[in-house]
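This report concerns only the one structure given below.
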Amino acid sequence: MANDLQIAARRVASVNPATGEILREFECSSDDEVLAAVARARAAQPGWRDLGVGRRIAILRNFQRRLHEKKSEIAEAITREAGKPRTEALVTEVLVVLDAARFLIENAHRLLADKPIPHGSPATKLKSGSLLREPYGIIGIISPWNYPFSIPATETLAALVAGNAVVLKPSEFTSLVALELRSLLRAAGVPEDVFQVIVGDGAAGAALLRSRIDKLVFTGSVPTGKRIATAAAERLLPVVLELGGKDPMLVLDDANIDVASSAAVWGAFVNAGQACLSVERCYVHRSLYENFLTACTEKTKKLRVGSGMDLETDVGPLIHKRQLRIVATHVEEAKSCGARILAGGVPLPELGANFYAPTVLADVTHEIRIMREETFGPVLPVMAFDRDEEAVRLANDSEYGLAASIWTRDPKRGERLARQIQAGTIMVNDVISCFGISEAPHGGFKASGIGRTHGRFGLEEMVRLKYLDVDRMPGMKKVWWYSYGERFARQMEGFVDFQFARKWGERVSGALRAAGSVGRTKL
Ligand code: NAD
């Protein structure tokens, strides 16, 4: 029996979270299949690297053109499998990828080119230094379900344009969208073995981690991220970790309540709150608190919850029941600790098993889970503060540090506070849209991650830096070679004084002592 269980292939199902319909079932890739995929990628990568950046950019342009042509089809596939409203799928996923491709098409050539490294020390003036950026080889990517297209696609495009092969293990909940990405890349001209998708659960991800990849880019939860980091440390595998968040929103006493409340409602409920950058905690100056809560409550009650396929829908379902249970537990606990529920606070079974009403909570405290752990659902918990320093302290009182937002009519004041907040991105008077700014690096402080994706720094993660030093005097032995002796010691002391003594006279005397070393006999 035990053997039968081991032999039986594991299966994962792709399910429409709005209806419960099974869209397709897959057998999980076995360890052997993962190893074989990585071996094929290894064989194919040198050819891809040798194409050169220009040819790879041409393929990227082709990908961008095809994605644009199929934008509605892809957005629908995302909505079907992940639940979000179709317009959100178009704007926060397809558009983000089109623009990431634009960034790489415009900049990859320049950013990946060799760069001279001028030398400052007189001892090394006769050498020319340069910095080369070489692809790692194979980049493994493990991605989550909440942005099933934009996350793996933006990471993949950067890896590919830099000359790597990619093996992607998408979330077991969104395999179909990953296969759409594969079709687009193939049709654009990326060779079959240069971009591969291995479908499966966490065990398939763990098999990818054990395989002979050269770097791993992981996006997902903090607990999985910690497991990945531990396993990667064992073999010194470089990793980028894009993990969870508990992003605070700070509404200062001079904020525009109408604008800030609209931002809070969108920031907390976009993708049904299942965004790593969503507003998970909101701190409002006491002078605006009740008016802000009234505005948020009124706006929340106007939101239309339903199937993302309906273009009139604002908020779709959660991904699965497990996620709904986490949200319901956080809300119930807050309620039992004295929080006021101003809107929502209940599941909506009449719409389907995974729907939860957009919820506004007032009078929460920092002791309860809804202000400490990632809720990842349509909940906006709001708390009052009296002084800016208190708001900063509350914002920083978290193990997470992905992003934060500050709302004020005085951008300079916002900037000042932004510098005190411990997070990878701070937005003044906006939320979440930083993810769609292709030039902006994305990544967290503290438990929210290590490394960056997107923009120049995301591209840098896909290459190894190689320093190349070429000596322009091949016929000359170096001054600092053997053999040593008392005279040489004096000459070298002179050389150090020549560069670093405080007085000019000492420098000149140092230079005279050092000069003798040039002609000395070396071994
Ligand atoms: P998750 O950690 O459960 O899973 C992420 C991926 O890891 C999936 O593909 C899963 O199959 C795989 N996996 C699970 N166990 C594994 C193991 N032991 N070894 C290797 N792979 C394994 O996360 P999720 O529920 O899919 O995604 C939601 C989380 O992702 C949230 O915490 C969210 O904040 C975070 N997230 C972060 C960012 C960011 O950019 N910082 C973006 C999106 C989502």
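Heads up: numbering here begins at 1 and tracks the sequence. Counting starts at 1 for both ligands and their atoms, following the listed order.
- Atom 4 (O) of ligand 1 is never approached by the protein to below 4.0 angstrom, counting heavy atoms only.
- For the residue pair R40/Q196, the side-chain donor-acceptor check at 3.5 Å is satisfied.
- Under a 4.0 Å heavy-atom criterion, Q323 is not in contact with ligand 1.
- S433 and D430 share a donor-acceptor pair across their side chains, judged by distance under 3.5 Å alone.
- Considering only non-hydrogen protein atoms, atom 15 (N) of ligand 1 sits nearest to T224 CG2, 3.4 Å.
- Contacts with ligand 1 closer than 4.0 Å are made by side-chain heavy atoms of I151 only, the backbone lying farther away.
- Judged purely by distance below 3.5 Å, without hydrogens or angles, the side chains of E25 and S14 never pair a donor atom with an acceptor atom.
- Looking at T375 and K246, their side chains do bring a donor and an acceptor atom within 3.5 Å of each other.
- Nearest heavy-atom pair, L417 versus V392, reported as atom, atom and distance to 0.1 Å: CD2-CG2, 3.9 Å.
- For atom 41 (N) of ligand 1, the nearest non-hydrogen atom from the set T453, L243, L209, I228 comes from L243.
- G225 does not count as a contact of ligand 1, since none of its heavy atoms falls under 4.0 Å from the ligand.
- Going from atom CD of Q45 over to atom CG of N164 covers 6.0 Å, rounded to the nearest 0.5 Å.
- Checked against a 3.5 angstrom limit, the closest N/O atoms of P144 and ligand 1 fall outside it.
- The residue among A207, S221, S143 with a heavy atom at the shortest distance from atom 23 (O) of ligand 1 is S221.
- When only non-hydrogen protein atoms are considered, atom 31 (C) of ligand 1 lies nearest to E374 OE1, 3.4 Å.
- For Q274, no heavy-atom contact with ligand 1 is shorter than 4.0 Å.
- Among G220, C276, A206, A275, the residue whose heavy atom sits closest to atom 38 (C) of ligand 1 is C276.
- In this structure, Y147 does not count as a contact residue of ligand 1, since none of its heavy atoms falls inside 4.0 Å of the ligand.
- No side-chain heavy atom of V161 sits under 4.5 Å from any side-chain heavy atom of I59.
- The CE atom of M383 sits 5.5 Å away from atom CE of M371, with the distance rounded to the nearest 0.5 Å.
- Residue-to-ligand polar distances keep S448 apart from ligand 1: every N/O pair is separated by 3.5 Å or more.
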Could you walk me through whether V315 and R304 pass the side-chain contact (heavy atoms from CB on, under 4.5 Å) test, one step at a time? CA-CA 6 Å; V315 181; R304 292 151 304 178; over 6 Å; no
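- In this structure, K84 satisfies the cation-pi test against Y147, with its NZ or CZ atom closer than 6.0 Å to the six-membered ring centre and inside 45 degrees of the ring normal.
- The shortest N or O to N or O distance between T219 and ligand 1 is not under 3.5 Å.
- Dense packing is recorded around CZ of R369, with more than 12 heavy atoms of other residues, nucleotides or ligands lying under 6.0 Å away.
- Neither the backbone nor the side chain of F173 comes within 4.0 Å of ligand 1, counting heavy atoms alone.
- Looking only at protein heavy atoms, the nearest one to atom 18 (N) of ligand 1 is R227 NE, 3.9 Å.
- At the shortest separation from atom 10 (C) of ligand 1 among protein heavy atoms lies E172 OE1, 3.5 Å.
- Within the 4.0 Å heavy-atom criterion, neither part of A231 lies near ligand 1.
- Proximity of G444 to ligand 1 is not established, as no heavy-atom distance is less than 4.0 Å.
- With a heavy-atom cut-off of 4.0 Å, D201 touches ligand 1 through its backbone alone.
- Residue-level proximity to ligand 1 for L208 is absent, since no heavy atom of it falls below 4.0 angstrom.
- Atom CG of L277 and atom OG1 of T92 lie 11.0 Å apart (nearest 0.5 Å).
- Side-chain contact check for E180 versus I78: every heavy-atom pair is 4.5 Å or farther apart.
- Contact annotation for N146 and ligand 1: only side-chain heavy atoms (C-beta onward) come within less than 4.0 Å of the ligand.
- By the 4.0 Å heavy-atom criterion, F218 is counted among the residues contacting ligand 1.
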